[in-house]
Amino acid sequence: MGKLPTAARRDGRAGFDDASIATKAKAARARRRSAIIAWQVAIAILIVAAMYALNATQGNLTMPRPDAVLRQLVTMIGDGTIPKALGQSLTVLVAGFALSALTGIVGGVILGGFPFVGRVMDPFVNAINATPNAAFIPLVIVWFGLYTEAKIVVVWNAAFFPILINTAAGIANANKDLTEMAQAFGAKRRDLFLSVMVPDALPSILTGLRIGVAVSTVGTVIAELTMAQSGLGGLLTAAGNRFQMDRYFAVVIILMILGTLITSGLRQIERRFGRWRIAQAEGR
């Protein structure tokens, strides 16, 4: 049997090296994921141990026992208290976030796509964004009352500016080569936005949405604390006023789980579009 040509042997070695590198990279990623999970578990155990230690030294009023919090959480879920409050909070959260996403993305496209408009509006956007959201609550109450509509406005105000600013930055920094190429082929302004600038700005838009949804969760609780008390924020107020710390921490756990699930979902979407953008860049 004759020897393989030099090029064939070289290609075989290259294929073997590529496979070996891919295997090593996969193993390294697996080890890194395992290390991350191990550290997360260790930190969770330390937090629980610290809660027990603080309870033993300072009493239930300062820190309830984790097992008491867990029992209270199961009880509140079983008797319908948590599901009812969660439904009320999600109504405000979803409506406020959807409104902020729609207006923030549209406003960001306008500010980023029309530089003159962006420069004119920049000081006003920065001034309102720098004002604490709590400063607007009395005004919102006067205009919209104390109930669901007012709470939705508070959530919208909290999430609007992160989405607006990230969208405007993504549109303004869209790939210039693609934009100029589209203009050279006679693309209309609307097609330029929808087919070139918005797709290229998707990672920035999704980052703004991820930040916005986290802020929306905080805004929902603040609205429920300061206006007509309902939802998870209302449960927090009632438990805090009665010094029922196990009940209080049970509601806090639900809020943490809710925020984590929503943020993780948006992060997965962001990573997916991030890979799409890398693949697009490599194919240019």
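Fair warning: this is a prediction, and the values are worked out from it, not measured in the lab.
Residues forming a ring pair (Phe, Tyr, Trp, His ring centres under 6.0 Å) with Phe160 (at least two apart in sequence, or on another chain): Trp156. In this view, Asp67 and Arg65, Arg71 satisfy the salt bridge (charged side-chain N to carboxylate O under 4.0 Å, His left out) rule, not counting sequence neighbours.
When side chains are defined from C-beta on, Leu255 counts as touching Leu236, because their heavy atoms get closer than 4.5 Å. In this structure, the side chains of Val155 and Ile152 stay at 4.5 Å or more apart for every pair of heavy atoms. Considering only heavy atoms from C-beta on, Leu258 comes within 4.5 Å of Leu90 through its side chain. The side-chain heavy atoms of Met227 and Ile137, taken from C-beta on, include a pair separated by under 4.5 Å. Contact of the Ile254 side chain with the Met76 side chain is not registered, since no non-hydrogen atoms from C-beta on lie closer than 4.5 Å. The shortest side-chain heavy-atom distance between Gln244 and Asp246 falls under the 4.5 Å cut-off. The shortest distance between side-chain heavy atoms of Tyr52 and Met63 does not fall below 4.5 Å. The closest side-chain heavy-atom distance from Asn166 to Ile205 is not below 4.5 Å.
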Item checked: side chain to side chain contact (heavy atoms under 4.5 Å, CB included) assessment of Ile128 paired with Phe136 -> CA-CA 10 Å; Ile128 300 175; Phe136 295 105; 4.0 Å; yes
Check: Can Thr81 and Arg247 be said to form a side chain to side chain contact (heavy atoms under 4.5 Å, CB included), step by step?
Finding: CA-CA 11 Å; Thr81 302; Arg247 193 178 180 90; 3.7 Å; yes
Next item on the list: Show your reasoning for whether side chain to side chain contact (heavy atoms under 4.5 Å, CB included) applies to Phe97 and Ile163.
Entry: CA-CA 10 Å; Phe97 176 70; Ile163 299 173; 4.1 Å; yes
Notebook entry, point to check: Should Ile253 and Leu70 be marked as a side chain to side chain contact (heavy atoms under 4.5 Å, CB included) after you check the CA-CA gap, both sets of side-chain angles, and the distance that decides it?
Noted result: CA-CA 9 Å; Ile253 289 174; Leu70 183 59; over 6 Å; no
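Linking Ile, Leu, Val, Met, Phe, Trp and Tyr whenever their side-chain heavy atoms come within less than 4.5 Å puts Ile222 and Val153 in one cluster. There is a path of hydrophobic side-chain contacts, each under 4.5 Å, that joins Ile262 to Val251. At a threshold of 4.5 Å between side-chain heavy atoms, the hydrophobic network of Ile, Leu, Val, Met, Phe, Trp and Tyr places Leu261 and Val94 in two separate groups. Grouping the Ile, Leu, Val, Met, Phe, Trp and Tyr side chains by contacts below 4.5 angstrom, directly or via other members, places Met256 apart from Ile211. The same ILVMFWY cluster, assembled from side-chain heavy atoms under 4.5 Å apart, contains both Ile47 and Tyr248.
Taking CD1 of Ile257 as the start and CG of Leu86 as the end, the distance is 10.0 Å to the nearest 0.5 Å. For the atom pair CZ (Phe114) and CE (Met121), the distance works out to 14.0 Å, reported to the nearest 0.5 Å. Between the CD1 atom in Ile110 and the CD1 atom in Ile171 there is a gap of 11.0 Å [rounded to 0.5 Å].
Pairs engaging residues 133-147 under the side-chain hydrogen bond (donor to acceptor under 3.5 Å, both in side chains) rule: Asn133-Asn157 [sequence neighbours left out]. Sorted by first then second residue, the side-chain hydrogen bond (donor to acceptor under 3.5 Å, both in side chains) pairs that include residues 232-242, not counting sequence neighbours, number zero. Among residues at least two apart or in separate chains, side-chain hydrogen bond (donor to acceptor under 3.5 Å, both in side chains) pairs with a member in residues 216-225 are Ser89-Glu224. Residue pairs meeting the side-chain hydrogen bond (donor to acceptor under 3.5 Å, both in side chains) criterion with at least one partner in residues 27-43, sequence neighbours excluded, do not occur; the list is empty.
Leu164 approaches Gly108 most closely through the heavy-atom pair CD1-N, 3.2 Å. Nearest approach of Gly212 to Ala159, heavy atoms of both residues: O-CB, 3.4 Å. Residues Pro64 and Met51 come closest through the heavy atom pair O-CE, 4.0 Å. Contact detail for Ala250 and Val69: the closest heavy-atom pair is N-CG1, 3.8 Å. For Ala158 against Pro162, the heavy-atom pair with the smallest separation is O-CD, 3.6 Å.
Across Val106, Asp122, Val117, a single residue satisfies side chain to side chain contact (heavy atoms under 4.5 Å, CB included) together with Leu111, and that is Val117.
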